[in-house]
Amino acid sequence: MSDDSSANDALGTLRAAIKQAVTDVHEQTPLAQSFTNFVTINLVANAQLAAGGTAAMSYLPDDVIATAEIAGSNYINVGTLLPFFKDALPEIARKLHENGKTWVLDPVAAGIGETRTFILESFRDAPPTIVRGNASEVIALDAMWGLADADSTDPTTRPAGVEAVDEVDAAIDAAKRVARHLAKHSPVGKGAVAVSGAVDLVTDGERTFRLPGGSAMMTKITGAGCSLGGVTATYLAVAEPLVAALAASLLYDRASEIAEVKSDGPGSFQVALLDALWNVTADQVAASDIIETN
Amino acid sequence: MSDDSSANDALGTLRAAIKQAVTDVHEQTPLAQSFTNFVTINLVANAQLAAGGTAAMSYLPDDVIATAEIAGSNYINVGTLLPFFKDALPEIARKLHENGKTWVLDPVAAGIGETRTFILESFRDAPPTIVRGNASEVIALDAMWGLADADSTDPTTRPAGVEAVDEVDAAIDAAKRVARHLAKHSPVGKGAVAVSGAVDLVTDGERTFRLPGGSAMMTKITGAGCSLGGVTATYLAVAEPLVAALAASLLYDRASEIAEVKSDGPGSFQVALLDALWNVTADQVAASDIIETN
Amino acid sequence: MSDDSSANDALGTLRAAIKQAVTDVHEQTPLAQSFTNFVTINLVANAQLAAGGTAAMSYLPDDVIATAEIAGSNYINVGTLLPFFKDALPEIARKLHENGKTWVLDPVAAGIGETRTFILESFRDAPPTIVRGNASEVIALDAMWGLADADSTDPTTRPAGVEAVDEVDAAIDAAKRVARHLAKHSPVGKGAVAVSGAVDLVTDGERTFRLPGGSAMMTKITGAGCSLGGVTATYLAVAEPLVAALAASLLYDRASEIAEVKSDGPGSFQVALLDALWNVTADQVAASDIIETN
């Protein structure tokens with residue numbers, strides 16, 4: 001960074017923090033706890049281990065709350081709901097909030113099914129610290145929480161469930177509103193939203209970044225997004241929300257590029273992705289393209 | 001197919017439809033929804049993606065019914081039952097039936113446990129469009145549904161749970177009866193049964209086909225059959241039941257042969273199988289040995 | 001074994017039994033049933049298949065008890081609890097006990113959460129035949145069951161949940177007490193405890209063995225311990241508890257060493273581990289270092 005404009009200075013500070021987060025995870029092996037769907041629960045745990053952390057998965061409120069006392073952060077994914085989740089998840093979110101615990105939400109399939117909508121709406125007043133989703137899910141969450149009305153500086157509304165051609169751009173306003181809402185309620189005073197797509201987008205509600213690169217093969221395995229959410233929680237155990245969200249998305253972008261080159265299809269891609277999550281260095285993650293945007 | 005007897009003409013028509021189904025899945029990436037067991041749920045989703053489709057997994061009736069509205073077909077597998085499945089699965093089957101939705105059933109472990117028997121019996125009057133199972137399971141389902149009595153043209157009965165030496169042959173009559181029962185209730189007017197074994201067998205109740213080949217390593221990984229059921233639902237989203245069942249079984253036979261050659265044990269076999277499901281072409285599937293039988 | 005002291009004679013007898021167990025599993029493909037956590041259920045089943053056995057996974061009491069009638073042994077793992085497990089697991093343990101069925105327990109996260117403690121305490125009077133856990137879990141189980149008080153020859157008590165520097169040594173006394181408790185209630189008159197760590201420890205309460213070797217990569221994938229518990233049940237279907245626990249731990253040590261050499265990270269390590277579980281021979285397992293200790 002020899003051409004040091006003040007924008008580059010700010011980005012340099014961010015790069016240093018990202019590098020520190022990746023290094024800290026490798027040195028501290030922090031525990032991130034997950035309440036996650038049954039489809040990709042194994043990949044979430046293995047990705048957290050491959051990134052250098054440790055994993056514990058729980059569903060019972062007493063189990064989740066007890067484990068949260070020893071975990072550095074937590075992850076909730078609403079992919080495959082069981083009947084008891086309708087009571088358990090609002091209770092867990094409330095207790096995490098009361099106990100000042102940070103957590104990452106993956107609002108999988110937001111907008112589909114009454115039970116999922118009930119659960120996601122209940123998170124409004126005891127929200128996560130980071131949301132990691134695709135464009136449609138972030139837009140749906142913004143609509144459910146009524147944030148466009150509540151935030152008069154940015155009145156744009158979009159229908160839930162939209163999958164725009166440039167999906168990430170369709171979700172920028174919603175992502176910023178959600179991030180500001182998270183920050184307002186955050187135990188660490190800050191929040192972030194990561195929108196995954198062809199070009200990932202990460203915002204804390206004030207600053208917004210586009211992350212080019214990655215691999216289209218990520219859409220040909222199940223759990224690429226879920227496990228990114230889990231690894232985001234691993235980084236949140238050692239870093240502030242914006243840095244955690246950036247570090248995790250960048251690690252995935254670099255690892256998926258390596259995995260695509262090394263694989264012959266989705267089976268070997270997933271294997272190579274886990275290997276690359278393990279082998280990519282803090283320097284490689286921190287040196288990634290990061291494009292600040294409005 | 002230059003030696004065109006009328007039998008070969010009919011088979012040629014079938015091959016063209018199989019090729020079209022494989023091509024359509026790659027071009028349309030249809031969504032097939034699954035309510036499936038916890039052991040192999042990840043492989044089911046990854047196999048559907050590798051075959052070119054997309055996947056969504058659900059358990060709550062409100063979630064399943066909402067997702068069925070946007071899915072091309074559905075898959076139910078009764079492998080690992082939870083208590084609430086006893087009410088949920090009969091309700092889901094009835095609503096899929098009322099809403100004219102197609103679905104594939106894998107009657108895993110049919111005949112074992114009172115709850116599983118209760119659930120499978122409940123499907124009699126709101127049945128799937130395709131059944132995919134092993135010989136014992138198809139025989140057990142035929143017995144549970146009392147089809148031998150109801151179908152006087154084919155009065156043979158066999159005890160449930162039998163695992164014959166030539167297992168596929170033991171299930172031919174049961175498979176035909178079940179297929180005719182499915183057709184009677186089908187939203188598309190047709191049904192099919194696929195019996196997996198050393199030589200797979202597929203029937204729509206009128207025509208019956210043996211599919212030689214495949215790999216014995218398929219019995220050394222968990223979920224080969226379950227994921228074949230899921231991919232059958234993927235094809236059912238774009239093709240009629242007989243064609244869907246044939247295309248899926250043939251894709252698996254060709255992919256498993258390639259995977260066996262490329263692997264050194266069951267770990268690398270599963271990886272190579274997913275790669276091969278992705279790489280096998282519509283032409284390769286359609287050119288498979290297909291032996292019409294009685 | 002030409003230098004035949006009586007210690008070596010005894011070890012020679014044990015080696016012959018271990019070799020026989022590995023061979024018998026390959027020849028008889030015994031069924032071991034599992035009630036196990038959702039994170040690693042797929043790896044448990046695949047590991048049992050790779051070791052030469054067959055797998056069935058169940059959660060409903062009626063399903064578990066019906067399947068236990070045709071299974072050679074059973075496995076219960078308390079990793080990811082659902083609400084109904086609180087009633088189901090004590091009921092299942094009691095019925096397995098009444099029906100004289102052997103089973104292996106993995107007391108995952110023993111000491112965390114009220115529900116898990118309730119379930120593990122309930123196993124005191126209808127205990128498993130083998131316990132396979134890490135040092136902290138075995139120590140926690142010993143404390144929950146109040147065995148230090150009940151066994152005046154070995155009065156040492158340790159707090160639950162301790163993770164000692166030399167973790168296996170911290171658990172020796174607890175492991176012996178638990179093994180003697182299991183033996184007292186065992187349908188086969190014997191019990192065993194396997195403590196996994198950098199050096200594994202296996203005891204039947206009378207004789208104790210240290211098993212050096214293995215791979216540190218086992219801690220970088222999820223389910224190494226869980227799947228070892230499942231494979232222990234596979235061996236318990238054909239061998240006495242001490243032999244089953246030794247054979248399974250030794251197979252894992254040899255397989256993990258091979259997998260570490262063949263892999264580039266945790267993704268390829270898991271694939272290579274399953275391949276090695278399949279390829280390691282009975283002679284290789286039986287020729288392992290086995291160090292008898294006090």
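Order of the sequence lines sets the chain letters (A, B, ...), proteins ahead of strands, with each chain counted from 1.
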What part of Ala50(C) is in contact with chain B, defined as an atom under 4.5 angstrom from a non-hydrogen atom: side chain, backbone, both or neither?
both
Which one wins on heavy-atom pair count under 4.5 Å against chain C: Ile112(B), Ile41(B), Leu43(B), Leu81(B)?
Leu81(B)
Between Leu274(C), Leu49(C), Leu60(C), who has the most heavy-atom pairs with chain B when the cutoff is under 4.5 Å?
Leu60(C)
With a 4.5 angstrom heavy-atom cut-off, which part of Leu277(C) approaches chain B: side chain, backbone, both or neither?
neither
Suppose the criterion is salt bridge (charged side-chain N to carboxylate O under 4.0 Å, His left out): which pairs have a residue in residues 34-49 of chain C, not counting sequence neighbours?
none
Side chain from CB out, backbone as N, CA, C, O: work out which of these in Val39(B) comes under 4.5 Å of a heavy atom of chain C, or both, or neither.
both
I'd like a table of all donor-acceptor pairs linking chain B to chain C (distance under 3.5 Å, no angle check), giving the atom names and the distance to one decimal.
unit_1	atom_1	unit_2	atom_2	d
Val39(B)	O	Asn42(C)	ND2	2.9
Glu114(B)	N	Asp62(C)	OD2	2.8
Thr115(B)	N	Asp62(C)	OD2	3.2
Thr115(B)	OG1	Asp62(C)	OD1	2.8
Arg116(B)	NH1	Asp63(C)	OD1	2.8
Arg116(B)	NH1	Asp63(C)	OD2	3.4
Arg116(B)	NH2	Asp63(C)	OD2	2.9
Thr222(B)	N	Asn46(C)	OD1	2.8
Asp264(B)	O	Asn279(C)	ND2	2.8
Gly265(B)	N	Asp275(C)	OD1	3.4
Gly267(B)	N	Asp275(C)	OD1	2.9
Ser268(B)	N	Asp275(C)	OD1	2.9
Ser268(B)	OG	Asp275(C)	OD1	3.3
Ser268(B)	OG	Asp275(C)	OD2	2.7

Ala224(B) meets the side chain to side chain contact (heavy atoms under 4.5 Å, CB included) criterion, sequence neighbours left out, with Met218(B), Ile221(B)
Under the rule for side chain to side chain contact (heavy atoms under 4.5 Å, CB included), what residues qualify as partners of Ala175(B), not counting sequence neighbours?
Val138(B), Val193(B), Val195(B), Leu201(B), Thr203(B)
If you count heavy-atom pairs under 4.5 Å with chain C, which of Gly113(B), Ala109(B), Pro83(B), Gly79(B) comes out on top?
Pro83(B)
